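Here's the structure, in structure tokens; my notes come after.
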Amino acid sequence: MQQPESGPRPAKRLRTSEPAPPPSPLPAAAAADALAGWSAMKPQPQPPQLQQQQRQAGSSAGPAGPAAFVSPEWLEQSLAQGQPLPAAGFPPPEEPEVLTPVAGGRSSRQGSCPSVREGARPGSRESIRSGSTQRRQGGVDADDRRRWLGEDMWHEGCATMGAVELMLQGVFSEERSRQIGNEPLVQALSELSKYEGALAADSKLEGGVELGSERGEINERALQYARAAASVRACAYRLCPPVRAHQLPFVAESTADKICQILETGTCAPLEFFRADQPVRDSRGRVRPDSAGGATRARFCKLPGVAQKTAERWWQLGLRSFDDVERAAQPGGPLAEGGEAPIGTEARFSLEHREDLLEGTRREEVLEMMAAVQAGVQAVTGAAEGWKVEVVGGGRRSQAAHDADFCVTHPSVPLEGVLLQLRGHLVREGRLFPPGEAMFRTQHGRMPTHIERLRHEHLRRLSSGTPSRRTLDRFDRLHAIYRTAAGRACRIDVIFVPPDEWAFGFLGWVGSKTFLRHMRRLADDRGMFLNSHRLFAVQDGQSVMVPDEAPPRHAGGKPHWPPGWAPGRRVEHERDIFELLGLPYREPHKRDMPG
DNA sequence: AAAAAC
DNA sequence: TTTTTGC
DNA sequence: GTTTTGC
DNA sequence: AAAACA
């Protein structure tokens, strides 16, 4: 009933300090070490047939013309949407998906206590028993929480915590979710999130009318689907219809409906519209402006150097495939020099090398790049010992990664300027495509004074309540394209993290994005401020570092040292950050919340 | 926020 | 000035 | 009912 | 779209 990974949390060792990370092994050994977790993971097994069904649906696009057969689901969903749906996603109901009732005996109570649930729509105040009895946050009752989380992860506190904290008790592993049988649903919700994300172009003004969809920069729909996808991935039992609202965190009526449709038919209305490049409708049945071309625009966005704006522009020029874009970039075309919307250097390169870039990075390529970074920092600093180069990002969480990310540190060599030297070194060695040819961006020189800036930002958030623009981290970073020995082009990111911020930087670069959002929200709920550099709290109107200058806060913002912690102990490992936040530790491969 | 492309 | 950049 | 949603 | 808060 304890958190399986965190071990006996209370009886933690009490250390003073051990400032220096262990010296780094030779490149090859370091590589093997960093990737040790991979060997435990198996190559992708077969996705269930649900996915094949979905693929087919996507390929034969087009709205429902004079369809020969109309399935009940098609009719139902078309009516719900107020418009005819693309017929592709609604095959004749020859054989309804084999969906056994919930596995493993946990289903015993499923649907068997309607007394609480039937009238328990959030809309009806009936569901909230005058507040006194076990007022639960997040709408999910204790039984549902327990079934969702699974017995292994469940503990007393889970019954009453907020939804964000509850989510962070979960295990987010694609492998686990696939074994349970929920991964196709996760993929469908994640796909929806990506389509929404690709639309996020600032549609503030159009024809002088505020469309009001975007407040600030967060895309609420993409966020919502990402949360739902994460919630499903952590679900301990196989979901099968009917899925009730509030059966799992971040799934209420609307999402539960879509989940049921996906489980029953393999798809749902918005998914089919996106896949067919058709505009989707909002919950009130109105066509959402600028929502056409979801599938194509999301595909364009996969190229480094292409994001929402460029994807939308290409779509509006009538381009529907990479081949179209390539033709348009030929002399005389709209994307050529002097044309209507000339293609940028980075996008042009990405287009040319799309076969490499879209395939993702293979294990051996990650190892090759890591060895090159390791050798590079040794060469440019003359320090042969002590460098730590770790794989972070998706490559650390799972086997599949679209790029290679590395965090680099050294216990004693100052990191200032090393990034620029490394960059020059790798270009001279012919390993990086040079600036002007491909993506080649660096950020450096922001580390001096960064702590004071972060304190300032922390306080500004508190006082002004301004949504305030986001601040990315201030580490020296390189974002570029690496040329492997075999001549393949791979996206690479290198991040220099000072040793005293290692745990925070590592955590922030391992992700996942959705996981970090939850962690940072929890810190906020606790009255703290977490970023890739530090954890902060407020004391006497000052921004103070946790745990160096003040104890962490717990529920209600109360200062409290967790078991094993006392003034003087410093954050050295990722696990320390989980403990300060009162969370069970999760290995990187269990932080794979989909986005 | 800041770099780079425009 | 606009667009993209990370987890 | 209103605000927040990551940094 | 959902949760937390007022």
Side-chain angles (χ1 to χ4, degrees), chain A residues 122 136-140 162-164 166-167 196 201-202 215-228 231 245-246 249-258 282-283 301 303-313 341-348 392-397 401 403 405 407 435-436 439-446 450 453-454 457-458 461 465 467-475 477-480 491 493-495 504-525 529-534 536 588 591 593 595:
Chain A
R136 54 187 160 68
Q137 303 172 75
V140 184
V164 171
L166 180 63
M167 282 284 275
E196 293 287 358
D202 230 344
R215 236 196 52 184
E217 303 187 31
I218 39 172
N219 179 333
E220 296 89 347
R221 289 186 176 92
L223 179 57
Q224 172 54 29
Y225 285 127
R227 287 166 166 171
S231 185
H246 305 291
F250 294 104
V251 173
E253 286 79 1
S254 170
T255 310
D257 283 352
K258 293 188 182 84
D282 65 18
S283 50
C301 284
L303 294 180
V306 177
Q308 298 97 323
K309 301 281 186 186
T310 305
E312 184 182 13
R313 205 176 306 128
I343 190 171
T345 311
E346 294 177 355
R348 180 181 290 272
V392 291
R396 189 69 181 218
R397 300 193 307 273
D403 68 352
D405 310 282
C407 277
M439 168 176 289
F440 193 89
R441 295 170 173 221
T442 53
Q443 165 178 296
H444 66 96
R446 292 213 273 154
H450 79 289
R453 286 174 180 273
L454 292 171
E457 181 188 340
H458 178 200
R461 279 169 187 283
S468 95
R469 43 197 182 281
R470 57 168 180 247
T471 311
L472 275 58
D473 69 58
R474 310 184 73 86
F475 298 126
R477 312 191 300 222
L478 167 68
H479 308 295
R491 273 282 289 108
D493 296 319
V494 183
I495 302 95
F504 294 100
F506 190 84
L507 180 74
W509 276 87
V510 165
S512 73
K513 168 177 171 165
T514 307
F515 187 85
L516 292 173
R517 290 174 123 171
H518 280 85
M519 262 200 138
R520 289 165 179 183
R521 273 203 68 183
L522 183 77
D524 190 63
D525 292 346
F529 173 65
L530 174 69
N531 59 29
S532 295
H533 296 275
R534 300 286 179 162
F536 294 91
R591 300 175 203 161
M593 288 193 188

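Note that the structure is predicted; figures quoted are calculated from it, not measured. Naming: A, B, ... by sequence-line order, numbering from 1 per chain.
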Is there a side-chain contact between [X] and [Y] in this structure, where contact means two heavy atoms from C-beta onward sitting under 4.5 Å apart?
X         : Y         : result
Met167(A) : Ser231(A) : yes
Val164(A) : Phe250(A) : yes
Arg517(A) : Leu223(A) : yes
His518(A) : Arg227(A) : yes

- Message: Tell me whether the side-chain N or O atoms of Arg441(A) pair up with the base of dT4(C) as donor and acceptor below 3.5 Å, since no angle test is needed here.
- Response: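 By the distance-only test, yes, there is a pair.
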
[X] [atom1] - [N] [atom2] separation (whole Å):
X         : N      : atom1 : atom2 : value
Glu220(A) : dA3(E) : CD    : P     : 15 Å
Arg313(A) : dA5(B) : CZ    : P     : 15 Å
Asp493(A) : dG6(C) : CG    : P     : 6 Å
Arg446(A) : dG6(C) : CZ    : P     : 14 Å
Met167(A) : dT5(D) : CE    : P     : 16 Å
Leu530(A) : dC7(C) : CG    : C1'   : 12 Å
His458(A) : dG6(D) : NE2   : C1'   : 14 Å
Asp525(A) : dT3(D) : CG    : C1'   : 14 Å

Any side-chain N or O of [X] below 4.0 angstrom from OP1/OP2 of [N]?
X         : N      : answer
Arg520(A) : dG6(D) : no
Thr442(A) : dA4(B) : yes
Arg221(A) : dA2(E) : no
Thr345(A) : dC6(B) : yes
Arg491(A) : dG6(C) : yes
His246(A) : dA3(E) : yes
Ser254(A) : dA1(E) : yes

Which of the following nucleotides, [options], is nearest to the side chain of [X]?
X         : options                : value
Ala163(A) : dT3(C), dC7(C), dA3(E) : dA3(E)
Phe250(A) : dT4(C), dA2(E), dC7(C) : dA2(E)
Arg474(A) : dT5(D), dA2(B), dC7(C) : dA2(B)
Thr310(A) : dA2(E), dT4(C), dT5(D) : dT4(C)
Leu223(A) : dA1(E), dG6(D), dA2(B) : dG6(D)
Trp509(A) : dA4(B), dA2(E), dG6(C) : dG6(C)
Leu472(A) : dG6(C), dT4(C), dA1(E) : dG6(C)
Glu346(A) : dA2(E), dA1(E), dA5(B) : dA5(B)
Arg397(A) : dC7(C), dC7(D), dT4(C) : dC7(C)
Asn531(A) : dG6(D), dG6(C), dC7(D) : dC7(D)

- Query: Can any side-chain N or O of Arg397(A) pair as donor or acceptor with the backbone N or O of Val510(A) at less than 3.5 Å?
  - Reply: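 Yes; at least one donor-acceptor contact below 3.5 Å.
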
- Message: Please check: side-chain N/O of Asp473(A) versus main-chain N/O of Gly505(A), any donor-acceptor pairing under 3.5 Å?
- Response: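 Judged by distance alone, no pair lies under 3.5 Å.
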
- Item | Dot-bracket line, read 5' to 3' along DNA chain B, where crossing pairs take [ ] and | marks a partner on another strand, Watson-Crick or G-U under 3.5 Å | |||||.

- Message: Looking only at the aromatic ring of each residue, does the gap between the centers of His533(A) and Phe475(A) stay below 6.0 angstrom?
- Response: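 Aromatic pair counts; centres sit under 6.0 Å.
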
Under 4.0 angstrom, heavy atoms only, what part of the nucleic acid is [X] near: base, sugar-phosphate, or nothing?
X         : result
Met519(A) : nothing
Val510(A) : sugar-phosphate
Arg477(A) : nothing
Pro342(A) : nothing
Gly595(A) : nothing
Asp257(A) : nothing
Leu478(A) : nothing
Phe515(A) : nothing

- Query: Which pair of non-hydrogen atoms, one from Ala311(A) and one from Cys301(A), has the smallest distance, and what is that distance?
  - Reply: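 That would be CB-SG, 3.8 Å.
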
- Item | Over all atoms of both residues, closest heavy-atom pair of His479(A) and Met439(A) |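 Distance-wise, the nearest heavy atoms are O-CG, 3.8 Å.
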
- Taking the C1' atom of each, how far is dT5(D) from dA3(B), in whole Å?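 About 28 Å, rounded to a whole number of Å.
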
- Quote, to the nearest angstrom, the P distance that separates dC7(D) from dA1(B).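 Looking at atom P only, dC7(D) and dA1(B) are 13 Å apart.
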
- Just say parallel, tilted or perpendicular for the rings of Phe529(A) and Phe536(A), cut-offs at 30° and 60°.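 Geometry flag for Phe536(A) against Phe529(A): tilted rings.
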
- Would you mind telling me which residue lines up with the more 5' stretch of DNA chain E, Val164(A) or Tyr225(A), judged by nearest nucleotide?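 The 5'-side residue here is Tyr225(A).
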
